Asks: 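Can you keep this structure in mind? I'll have questions shortly.
Since the model is a prediction, treat every value here as computed from it, not as a measurement.
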There are 2 protein chains.
Amino acid sequence: MLDVIRAAGTISRVGLVKATGFTGATISTVVRRLIDDGLVLESGRAESTGGKRRVLLQLNQSSRFAVGVHLDHAGITYVLTNLGGSVVARMSRAGVGTDDPAVIMERMATEVDALIDGAGVDRSRILGLGLVAPGPMNQISGMRVSPPTMRHWEDYPLASALETATHLPVVLDNDATAAALGEHWSGDVGGTSTFAAIYMGTGIGAGLVVNGITYRGASGNAGEIGHICLDVNGPACWCGARGCTEMLAGPGAVVSAARADAALARAAGLAESPERPRWLADFAAITRAALRGDARAKQLLENSARHLAIAARTLANVMDLEQLVLTGPSLAIAGSIYLPVVRDELDRAFFSRATHSITVRLSRSAATAPAIGAAALVLQSELVPLREGLRLPDNLGDAEPTGQPTSR
Amino acid sequence: MLDVIRAAGTISRVGLVKATGFTGATISTVVRRLIDDGLVLESGRAESTGGKRRVLLQLNQSSRFAVGVHLDHAGITYVLTNLGGSVVARMSRAGVGTDDPAVIMERMATEVDALIDGAGVDRSRILGLGLVAPGPMNQISGMRVSPPTMRHWEDYPLASALETATHLPVVLDNDATAAALGEHWSGDVGGTSTFAAIYMGTGIGAGLVVNGITYRGASGNAGEIGHICLDVNGPACWCGARGCTEMLAGPGAVVSAARADAALARAAGLAESPERPRWLADFAAITRAALRGDARAKQLLENSARHLAIAARTLANVMDLEQLVLTGPSLAIAGSIYLPVVRDELDRAFFSRATHSITVRLSRSAATAPAIGAAALVLQSELVPLREGLRLPDNLGDAEPTGQPTSR
DNA sequence: CTTTGTTAATTCGGCGGCTTAACAATCACA
DNA sequence: TGTGATTGTTAAGCCGCCGAATTAACAAAG
């Protein structure tokens, strides 16, 4: 319900009737309650359609808030969003590094406090905290399989620890999935039923949102397009396969190819074999060189884009997507180079293109997308009734009675 | 609810309480009504666990039936299944060919009558008819995009026409999706939440079932693994891309490669450039040659299997699958050759293999899987409440906020 | 055979969500 | 200034589901 109002931006009660299928009576009482709770505001009138003018409703954006935290090796990003998913306050702090989880927990609690206090938001209006991190997350406890750099976090009871530290309800998820959800809430995805966010950071992943809820797969690993084969004869990957997207299109591949080219490395200003690889800075430098017109840099990036585009098409074909968003740190930098290539690939060879188009766009907040998505997780869990589990049909006995009267 | 009973085979009321999360009270009344309607039977007692022995429940398999029809160029397959998805009667008739849709409709109506009468089933006990065909189906009307061989069916109002012809409720779907659903109902998929059926006929596709309901994507084209890229430098495909699975692993590719090899063509007994290509017969002949030990035939098929396996891994990674079933006419023939290759590929390189395993098996009824699935569509639509997400219609009537006049 | 404790299943009162039905409010237009 | 159309509210009732109490069936101990 709230989700419908949010997705529509502004909508009347009659509009809600059509959108939800509920009766006018139901809508009336529900909306009444939402207004009483301060979640929804009446915000004007629509033009008459022959009778009484419709009263337009919209979310009271600043009635409730959610905290989103993106936990990563390189940095922790905090955002405070309102009900609409718009960022009210944002903060970036040092990453996890090799610190002990318990230490980080304490630090996060104080930093979250700082975020909330800095924005001047009443704590009672905060619905909860969403925490996302790389790798699949166990919904209840914490990380199942963590990337090498965060190995010591494995099986740490993230949710419960953070709940006691911050006194806020905590929900967990994978960062790519969160990024997709964030786009669904903050971006103008509208009523799109199936879409994905391709997230390119160090690795390449994708988050999937189907009918407004995230698709996680059996173990939270869904959307793993970083390790699908684009070339049977391609280079071997650490995952056990060959020709994976990550090997052919990943920022790591781009950076190491640039390093191998002495002239390019010099032109782009890459540090020569630094002790600590700063791939993101290097990737940004290569992008700048390409935008300046450096042919070799441009070729490198377009090669990467071409491969990413093919992975995107695979994802779009398998999931039969309507919309695709490019996001993540790497695409925040080089998105303008990747976007046309991906668009072209899908225009040319998306399997269902005859039936329906697929729109591709860049995220407007690629760098903070996962954190925003983390907050969106909270918004969703609080506002969208999750119809999990099996429920009873409405008409169990009405299936073609064969003579016996259905006793009521 | 009925789906839980079906999936469990036999289950007690207490078992249902645990499985569904409902209260004992609810279960009691619902089960009572199901028994009154004849859908469920009490079938014995379980061992005591310290107190009163549990009464075991199971579906009354023969209380209701469903008709499943697989419409294809080459042949029409009819099945009549009971509530459990078991085939009660089966029939195969000539394919669609170039006949006019209206003619086929009439023929189907009489053939469905023959099927029902032959099995001696009361018409009032038939829940409905499921019709599946290649290509994406418009849920309401009929085919959207049809394969070249069935071009004259495009936009024909299949559902309504067949409803008036047979006087049965009709549901439509794509055949690969149906095959997956058929496996979910008739096979022992158990409580698996995410699985796919790879369907290899002339082309290659996959049907997806997530949490017991089919995933169709935006336009019913989901699972299109026949046209994902396995080799960026591969041969061009009619779909507009390069190196598609269908080009590298499809039966058509296998057969034409075999024809190109004169010695193999002779050994396998392929007709030399027949006027009408009989790819299925040829594919079967090549398979027999391989099983006899013909090295060249074996190599051809294993090459195909290797590529199909990579496509399967892509699908498994993207959807994060728990189970995979190989089905369809081609795999009904050569499944024993493909199965180990697919298993090996997933064991080696399935991305989530550390978190959870993925089981791969052959369908037990590969040839009739789509027809069984068509019947399962009916069973599901009647027995499982489909909770669709909230949807926004194209035009809700509200557009501009606050005062601005809405132009219509 | 009786008593006791445990588990299974049903019944009954009640709550909440949703619907139908009737009604009040607003607006365009004749 | 009605009049019909459209929007929105209120009241009454249905239905699914839950909680608590009750009945039924069984094992083990005496």
Asks: Are any side-chain N or O atoms of A/Asn82 and backbone N or O atoms of A/Gly84, one a donor and one an acceptor, separated by less than 3.5 Å?
Replies: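 Between the backbone of A/Gly84 and the side chain of A/Asn82 there is a qualifying donor-acceptor contact (under 3.5 Å).
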Asks: To the nearest Å, how far apart are A/Leu56 CG and D/dT6 C1'?
Replies: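 Taking CG of A/Leu56 and C1' of D/dT6, I get 15 Å after rounding.
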Asks: Hey, which of these two, A/Lys52 or A/Thr29, hits DNA chain D nearer its 5' end, going by closest nucleotide?
Replies: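 Result: A/Lys52.
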Asks: Does the pair A/Glu42/A/Arg13 count as a salt bridge with the N-to-O cut at 4.0 Å?
Replies: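 Salt bridge flag = yes for A/Arg13 with A/Glu42.
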Asks: Just how far, in rounded Å, is P of C/dC18 from CZ of A/Arg32?
Replies: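 Distance, rounded to whole Å: 17 Å.
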Asks: Between the side chains of A/Ser219 and B/Asp320, does any donor sit under 3.5 Å from an acceptor?
Replies: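 Looking only at side-chain atoms, B/Asp320 and A/Ser219 do form a donor-acceptor pair, the distance falling under 3.5 Å.
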Asks: Could you check whether A/Val55 gets within reach of a base, just the sugar-phosphate, or nothing at all, counting any heavy atom under 4.0 Å?
Replies: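 A/Val55: backbone/sugar contact only, no base atoms under 4.0 Å.
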Asks: Counting just side-chain N and O atoms, does A/Ser28 come under 4.0 Å of either OP1 or OP2 of D/dG8?
Replies: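 No, outside the criterion.
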Asks: Could you tell me whether the phosphate oxygens of C/dT26, OP1 or OP2, come under 4.0 Å of any side-chain nitrogen or oxygen in A/Arg54?
Replies: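 Looking at the OP1 and OP2 atoms of C/dT26, neither is under 4.0 Å from any side-chain N or O of A/Arg54.
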Asks: Given atom CZ of A/Arg33 and atom P of D/dT10, what is their separation to the nearest angstrom?
Replies: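 Result: 14 Å.
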Asks: CD1 of A/Ile27 versus P of C/dT19: gap in Å, rounded?
Replies: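 One finds 8 Å between P of C/dT19 and CD1 of A/Ile27, rounded.
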Asks: Would you please confirm or rule out a distance under 4.0 Å between OP1 or OP2 of D/dT6 and any side-chain N or O of A/Arg13?
Replies: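 Checking D/dT6 against A/Arg13, no side-chain N or O comes under 4.0 Å of OP1 or OP2.
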Asks: Between A/Arg53 and C/dA28, is there a side-chain N or O to OP1/OP2 distance below 4.0 Å?
Replies: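 Answer is no, no contact under 4.0 Å.
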Asks: Think A/Thr26 has a side-chain N or O under 4.0 angstrom from the OP1 or OP2 of C/dC18?
Replies: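 Answer no for this pair, as no side-chain N or O of A/Thr26 is under 4.0 Å from OP1 or OP2.
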Asks: Output the rounded distance in Å from CZ (B/Phe22) to C1' (C/dT10).
Replies: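 It is 18 Å, rounded to the nearest whole Å.
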Asks: Please work out if B/Thr49 contacts a base, only the sugar-phosphate, or nothing of the nucleic acid, heavy-atom cut-off 4.0 Å.
Replies: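 B/Thr49: backbone/sugar contact only, no base atoms under 4.0 Å.
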Asks: What's B/Ser48 touching, base or sugar-phosphate or nothing? Going by heavy atoms closer than 4.0 Å.
Replies: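 B/Ser48: backbone/sugar contact only, no base atoms under 4.0 Å.
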Asks: Mind running salt bridge (Lys or Arg N to Asp or Glu O under 4.0 Å) on B/Asp36 and B/Arg33 for me, showing each step along the way?
Replies: CA-CA 5 Å; B/Asp36 285 349; B/Arg33 212 166 59 200; over 6 Å; no
Asks: Between A/Ala25 and B/Gly15, which has a closest nucleotide on DNA chain C that is more 5'?
Replies: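 Closest to the 5' end, via its nearest nucleotide, is B/Gly15.
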Asks: In whole angstroms, how far is the P atom of D/dA25 from the CD atom of B/Glu47?
Replies: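 Checked: the CD to P distance equals 18 Å.
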Asks: Look at the side-chain N and O atoms of A/Arg45 and state whether any lies under 4.0 Å from the OP1 or OP2 oxygen of C/dT26.
Replies: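 For C/dT26, neither OP1 nor OP2 has a side-chain N or O of A/Arg45 closer than 4.0 Å.
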Asks: Could you check how far CG of A/Leu34 sits from P of D/dT9, rounded to whole Å?
Replies: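 Result: 12 Å.
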Asks: What is the distance from CG of A/Leu16 to P of C/dC18, rounded to the nearest Å?
Replies: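 Atom-to-atom, A/Leu16 to C/dC18, this comes out as 13 Å.
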Asks: Counting side-chain heavy atoms from CB outward, which of D/dT7, C/dG17, C/dT20 is closest to A/Val14?
Replies: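 That would be D/dT7.
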Asks: Please tell me whether A/Asn221 and B/His356 have a donor and an acceptor in their side chains that are separated by less than 3.5 angstrom.
Replies: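 Looking only at side-chain atoms, B/His356 and A/Asn221 do not form any donor-acceptor pair under 3.5 Å.
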